[in-house]
> 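Below is a structure I'd like to ask you about.
Every number for a ligand or one of its atoms is a count from 1 in the order of the listing. Atom set for the values below is all heavy atoms of this structure, side chains included, hydrogens, waters and symmetry mates excluded.
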Amino acid sequence: MAAELSALNGLDFLSSADLNGAQTQALLTLAADIKAGRRNPRLDGKVLGLIFSKASTRTRVSFTVAMARLGGQTIDLNPSVSQVGRGEPIEDTARVLSRYLNAVAIRTFAQSDLQAYADAASIPIINALTDLEHPCQALADYLTMQEAFGSLEGLTMTYVGDGNNVAHSLLIAGALLGVNVRIGCPAGFYPLEKVVDQAKAIAAGRSEIVISEDPAEAVRGAHAVYTDVWASMGQEEEQSTRVQAFRGFCVDESLMRHADAKAIVLHCLPAHRGEEISAEVMESSASRIFDQAENRLHAQQALLATLLGAEG
Ligand code: CP
Ligand code: NVA
């Protein structure tokens, strides 16, 4: 294990900011090595718990398959069939699970609930998406960008749409990796100011962090154009007002004309074709969206191997 990564053994991954730049880059390298078959870390006998209070296809399946490939197992602790859903305190649940499991990946609403698990647990807690961040997603996203261009050096990632959890982790992880990150979003849907300030502090002038209300300006010359749904899980009632507010922020062929000629298109999925992205762009040769979904598996194998101190 690279020296940068061995320091992460036993730690939580609650935010993209829990890693430094060297660690983030080393995780991407390990993920690429695992994907190419150059590395085969082992977690035989280790067990990961999954507590998901929101729907998931990719995150749930990729964590489960990642543990299987590493030689370990996963237990699905769906809140509706565990005592979590009946109100057992987070602190008690976390302490008990620490006696059985080697790590827990949690998808929930409030970052403070995730933090409460981490504070009470003695095993690594992993953010599998909260309202604030989606740090495992950002690892797969920058792995996909690195694969497409060979290196992240001098690249620009533009995210068009809602300044949400996915945008927040892209900002922080991009800053750590020295990537320029631009967010094109309508007024009222900016990423949180504290996250933008955090990304700017991390970038420290090494790369640019820019927020713009003009999607064409944000996309100009970008190497990756990324979008996500306009209404995230928990915001379903705002769907119709958001469709109005985000008019002009669809990633379609006319918007893509402003990007670099070799630009790739990314989307964390699930997608709403005809809203945040056109069907044509999703299926275009620039789209790396399904490679990106696959990379969740490789990035999370690297993350689990690192946090659980895998051999090999
Ligand atoms: N991108 C992502 O996290 O997908 P799921 O909601 O299906 O896990
Ligand atoms: N922003 C979306 C991402 C889904 C993977 C949500 O939180 O619902």
> Charged N to carboxylate O below 4.0 Å: is that the case for Glu147 and Lys35?
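Counted as a salt bridge, because a side-chain N and a carboxylate O are separated by less than 4.0 Å.
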
> With atoms numbered from 1 as shown, which atoms in ligand 1 lie under 4.0 angstrom from a non-hydrogen atom of Arg296?
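Within the 4.0 Å cut-off of Arg296, ligand 1 contributes 1 (N), 2 (C), 3 (O).
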
> Please list, in number order, the atoms of ligand 1 under 4.0 Å from a heavy atom of His134.
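Going through ligand 1 atom by atom, the ones under 4.0 Å from His134 are 2 (C), 3 (O).
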
> In ligand 2, which numbered atoms sit nearer than 4.0 Å to a non-hydrogen atom of Leu129?
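Listed by number with element, the hits are 3 (C), 4 (C), 5 (C), 7 (O).
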
> Just to confirm my output: which protein heavy-atom neighbour is closest to atom 6 (O) of ligand 1, and how far is it?
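Ranking protein heavy atoms by distance from atom 6 (O) of ligand 1, first comes Arg107 NH1, 2.8 Å.
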
> Looking only at heavy atoms, which two atoms of Pro186 and Gly161 are closest? And how far apart?
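That would be CD-O, 4.0 Å.
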
> Side chains of Gln111 and Asp131: any donor to acceptor distance under 3.5 Å?
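Gln111 and Asp131 do not have a side-chain donor-acceptor pair below 3.5 Å.
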
> Could you list the atoms of ligand 2 found under 4.0 angstrom from a heavy atom of Asn164?
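Contacts of ligand 2 toward Asn164, numbered from 1: 1 (N).
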
> Assign the ring pair Trp230 / Phe246 to parallel, tilted or perpendicular, where the plane angle (0 to 90°) is split at 30° and 60°.
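The rings of Trp230 and Phe246 lie parallel, inter-plane angle below 30°.
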
> Measure across Ile277 and Ala271 and return the closest heavy-atom pair with its distance rounded to 0.1 Å.
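That closest heavy-atom pairing would be CG2-CB, 4.3 Å.
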
> Out of curiosity, is Leu269 lining ligand 1, as in a heavy atom under 4.0 Å away?
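True for this residue.
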
> Can you tell me if Lys54 has a non-hydrogen atom under 4.0 Å from ligand 1?
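For ligand 1, residue contact (heavy atoms, under 4.0 Å) with Lys54 is absent.
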
> Locate the shortest heavy-atom distance separating Ser232 from Asn165; write the atom from each residue and the value.
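Distance-wise, the nearest heavy atoms are OG-OD1, 4.2 Å.
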
> Atoms of ligand 1 less than 4.0 Å from Cys268 heavy atoms?
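Reading through ligand 1 atom by atom, the close ones are 1 (N).
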
> I need the nearest protein heavy-atom contact for atom 3 (C) of ligand 2: residue, atom name and distance, please.
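Answer for atom 3 (C) of ligand 2: Asp228 OD2, 3.6 Å.
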
> Would one find an N or O of His134, backbone or side chain, under 3.5 Å from an N or O of ligand 2?
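No; every N/O pair is 3.5 Å or more apart.
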
> Give a yes or no on whether Glu236 atom CD has more than 12 heavy-atom contacts from other residues, nucleotides or ligands under 6.0 Å away.
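Atom CD in Glu236 is crowded, with more than 12 foreign heavy atoms closer than 6.0 Å.
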
> If hydrophobic residues (ILVMFWY) are linked whenever their side-chain heavy atoms come closer than 4.5 Å, directly or via other members, who joins Val61 in its cluster?
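Its cluster mates, by chain and number, are Val65, Leu297.
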
> Quick one about Gln146 and Gln25 (side-chain donor to acceptor, distance below 3.5 Å, no hydrogens or angles considered), yes or no?
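Gln25 vs Gln146: donor-acceptor pair found between side chains.
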
> Measure the distance from atom 8 (O) of ligand 2 to every protein heavy atom, then report the residue, atom name and distance (to 0.1 Å) of the closest one.
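In this structure, atom 8 (O) of ligand 2 has Met233 N, 2.8 Å as its nearest protein heavy atom.
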
> Distance only, no hydrogens: is a donor on one side chain within 3.5 Å (strictly under) of an acceptor on the other, for Arg86 and Gln83?
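A donor-acceptor contact under 3.5 Å links the two side chains.
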
> Going by the order shown, which atoms of ligand 1 are within less than 4.0 Å of some heavy atom of Gln137?
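By the 4.0 Å cutoff, the relevant atoms are 1 (N), 2 (C), 3 (O).
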
> Using a 4.0 Å cutoff against the non-hydrogen atoms of Thr57, which atoms of ligand 1 qualify?
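Taking each heavy atom of Thr57 in turn, ligand 1 has 5 (P), 7 (O), 8 (O) under 4.0 Å.
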
> Within a distance under 4.0 Å of any heavy atom of Ser56, pick out the atoms of ligand 1 and give their elements.
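Numbered from 1, ligand 1 contributes 5 (P), 6 (O), 7 (O), 8 (O).
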
> Mark the output for Leu269 as yes if a heavy-atom distance to ligand 2 is under 4.0 Å, and as no if none is.
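Right, Leu269 reaches ligand 2.
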
> Once you restrict to heavy atoms under 4.0 Å, what part of Gln292 touches ligand 1? Side chain, backbone, both or neither.
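Near ligand 1, Gln292 shows nothing, with every heavy atom at 4.0 Å or more.
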
> If you measure every N/O of Arg58 against every N/O of ligand 1, is any gap under 3.5 Å?
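Right, the criterion is met.
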
> With a sphere of 6.0 Å drawn around CZ of Arg38, does it hold more than 12 non-hydrogen atoms of other residues, nucleotides or ligands?
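Yes, CZ of Arg38 has more than 12 neighbouring heavy atoms, counting only those of other groups under 6.0 Å.
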
> Does only the side chain of Asn165 get under 4.0 Å from ligand 2, or the backbone, or both, or neither? Count heavy atoms.
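It is the side chain that gets close, since no backbone atom is under 4.0 Å.
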
> Please determine if Leu129 has a nitrogen or oxygen closer than 3.5 Å to a nitrogen or oxygen of ligand 1.
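Such a contact does not occur with ligand 1.
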
> Is Glu208 atom CD crowded by more than 12 heavy atoms from other residues, nucleotides or ligands, each under 6.0 Å away?
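At most 12 heavy atoms, drawn from other residues, nucleotides or ligands, come within 6.0 Å of this atom.
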
